[in-house]
Amino acid sequence: MGSLDGRGPIAVMSPLRWWLVAAVTSVGSFVAAVVYWRLRFFFRDPQRIPPTDPRAVVASADGFVTYVKRVEAGRVPFAVKKGRTIPLSEFTDVVHAEPGSPDASGYLIGIYMSEYSVHRNRSPIAGSVVFRRHRGADPFNRSMARVGANLIARHSPYDEGCDYLLANERLTIGVEHAGGAVATVTQIADLWVDRIVAHVEVGDTLDRGEQYGMIRFGSQCDVFLPDSLVAEITVSPGQYVFAGKTTVALSPVSVSHPPRATPHVSARTPLEVHS
């Protein structure tokens, strides 16, 4: 029983109750903030208007440019493997580009999406989807924390030590320009990614800057541009870009022609590939 002078168990319980209320309120606020981030902030979808220049190739994702790599005959040098060149089948095997052909050489632009970035992906050019390829993790998705740390520390090359570039789950689509050149967009999953989403199939058409998918709670998006679509690269590593809005390259030809109302028949055989 509590005493009447206020110094008994009843008086002692009052501060404890206030402490519990404060703790529950703090936890509740934290949970509410996480829920808001996951369900509202993370999935936000701001309007994006492409540049007026019809030759402007636009970014496929919001985030930091991690690298602009020269690709020769379908081989890309990655710092993760101490500078060795490594073939990436996402834009060689599937496009059926032979070494020395225009589609086998070009530029690879990597864009790392931070937790604050809009995670919706857009087509860099207008055209028809001529292939879609999914590749599972080998053997599991690795964390992208290293590239984030490299960016914060301004440690270049930003892809140094980033094993995820070669091992993580990815989904690549090929968008064929009216002139026949194929640009590819590769969505790369992070360790904690829920899933990769791409709302397009082979035969669909996309406008330049049109949204076609997202990576839920991750991660990186790479764009490969063949030489025939590149007159000048306009971004550099460390720069922040916005999907469908920032110009990453200027093309010698227009890349903004509206797609045909009916599915485009490509000179290549459209492919749906899973591995």
**OP:** Start with the C-alpha gap between Asp227 and Tyr107, add the side-chain angles, then the distance that decides, and say whether side chain to side chain contact (heavy atoms under 4.5 Å, CB included) holds.
**Re:** CA-CA 7 Å; Asp227 282 334; Tyr107 295 88; 3.9 Å; yes
Original post:
If you take all heavy atoms of Ile196 and Gln187, which pair is closest and at what distance?
Top reply: CG2-OE1, 3.3 Å
Original post:
Does Arg133 make a cation-pi contact with Phe131 (under 6.0 Å, within 45 degrees of the axis)?
Top reply: no
Original post:
side chain to side chain contact (heavy atoms under 4.5 Å, CB included) between Ile111 and Ser60: does it pass, once the steps are laid out?
Top reply: CA-CA 8 Å; Ile111 302 172; Ser60 58; 4.2 Å; yes
Original post:
Does one hydrophobic cluster hold both Val58 and Leu229, with members joined at side-chain heavy-atom distances below 4.5 Å?
Top reply: no
Subject >> Salt bridge flag under 4.0 Å for residues Arg170 and Asp138 >> reply: no
Subject >> Check: Ala243 main-chain N/O paired with Arg120 side-chain donor or acceptor under 3.5 Å >> reply: no
Original post:
Distance from Thr172 atom OG1 to Phe224 atom CZ, nearest 0.5 Å?
Top reply: 12.0 Å
**OP:** Taking side-chain contact (heavy atoms from CB on, under 4.5 Å) as the test, write out the residues that go with Pro46, two or more places apart.
**Re:** Arg44, Arg48, Val118
Original post:
Any link between Val129 and Val255 through a network of hydrophobic side chains (Ile, Leu, Val, Met, Phe, Trp, Tyr) touching at under 4.5 Å?
Top reply: yes
Subject >> Side-chain donor or acceptor of Ser251 paired with backbone N/O of Val253 under 3.5 Å >> reply: yes
Original post:
Side chain of Thr205, backbone of Gly127: donor and acceptor closer than 3.5 Å?
Top reply: no
Subject >> Spacing of Ser105 atom OG and Arg70 atom CZ [to the nearest 0.5 Å] >> reply: 5.5 Å
Subject >> Between Phe64 and Tyr240, ring centroids under 6.0 Å >> reply: yes
Original post:
Any side-chain donor-acceptor pair under 3.5 Å between Gln211 and Asn121?
Top reply: no
**OP:** Quick one: closest heavy-atom pair of Val175 and Ala126, and the distance?
**Re:** CG1-C, 4.3 Å
**OP:** Please name the pair of heavy atoms, one in Leu206 and one in Tyr212, separated by the smallest distance, quoted to 0.1 Å.
**Re:** CD2-CB, 4.0 Å
Original post:
Quick one: are Cys162 and Asn150 in side-chain contact, heavy atoms under 4.5 Å?
Top reply: yes
Original post:
Any donor-acceptor pair under 3.5 Å linking the side chain of Ser117 with the backbone of Met113?
Top reply: no
**OP:** Looking only at non-hydrogen atoms, find the nearest pair between Ala189 and Asn168 and report the distance.
**Re:** O-ND2, 2.7 Å
Subject >> Note, Leu250 side chain near Val57 side chain (heavy atom, < 4.5 Å) >> reply: no
Subject >> Side-chain heavy atoms of Glu169 within contact of Arg135, under 4.5 Å >> reply: no
**OP:** Before giving the answer on side chain to side chain donor-acceptor pair (under 3.5 Å), spell out for Asp222 and Tyr67 the whole-Å C-alpha distance, their side-chain angles and the decisive distance to 0.1 Å.
**Re:** CA-CA 9 Å; Asp222 284 9; Tyr67 46 72; 2.5 Å; yes
**OP:** Run the salt-bridge test on Lys69 and Asp159 with the 4.0 Å N-O cut-off and return the result as yes or no.
**Re:** yes
Subject >> Stepwise side chain to side chain contact (heavy atoms under 4.5 Å, CB included) test for His119 and Asp62 >> reply: CA-CA 7 Å; His119 278 65; Asp62 283 28; over 6 Å; no
**OP:** Apply side-chain contact (heavy atoms from CB on, under 4.5 Å) to Val197 and list each qualifying residue two or more places apart in sequence or on a separate chain.
**Re:** Arg195, His199, Met214, Arg216
Original post:
So which of Ile188, Asp190, Asn141, Leu191 actually passes side-chain contact (heavy atoms from CB on, under 4.5 Å) with Tyr164?
Top reply: Ile188
Original post:
Can you check whether Thr184 reaches Ile173 side chain to side chain, under 4.5 Å on heavy atoms?
Top reply: no
Subject >> Contact summary for Arg142 and Ala167, nearest pair of heavy atoms >> reply: NH1-CB, 2.6 Å
**OP:** Report yes or no: does Ser123 contribute a side-chain atom to a donor-acceptor pair with the main-chain N or O of Ile125 at less than 3.5 Å?
**Re:** yes
Subject >> Residues Val68, Leu108; criterion side chain to side chain contact (heavy atoms under 4.5 Å, CB included); working and verdict >> reply: CA-CA 6 Å; Val68 178; Leu108 184 69; over 6 Å; no
Subject >> For Thr247 against Thr234, the heavy-atom pair lying closest together >> reply: O-OG1, 2.7 Å
Original post:
Can we say Arg208 and Glu210 salt-bridge, meaning some charged N sits less than 4.0 Å from an Asp/Glu carboxylate O?
Top reply: no
Original post:
Ion pair present between Arg122 and Asp45, side-chain N to carboxylate O less than 4.0 angstrom?
Top reply: yes
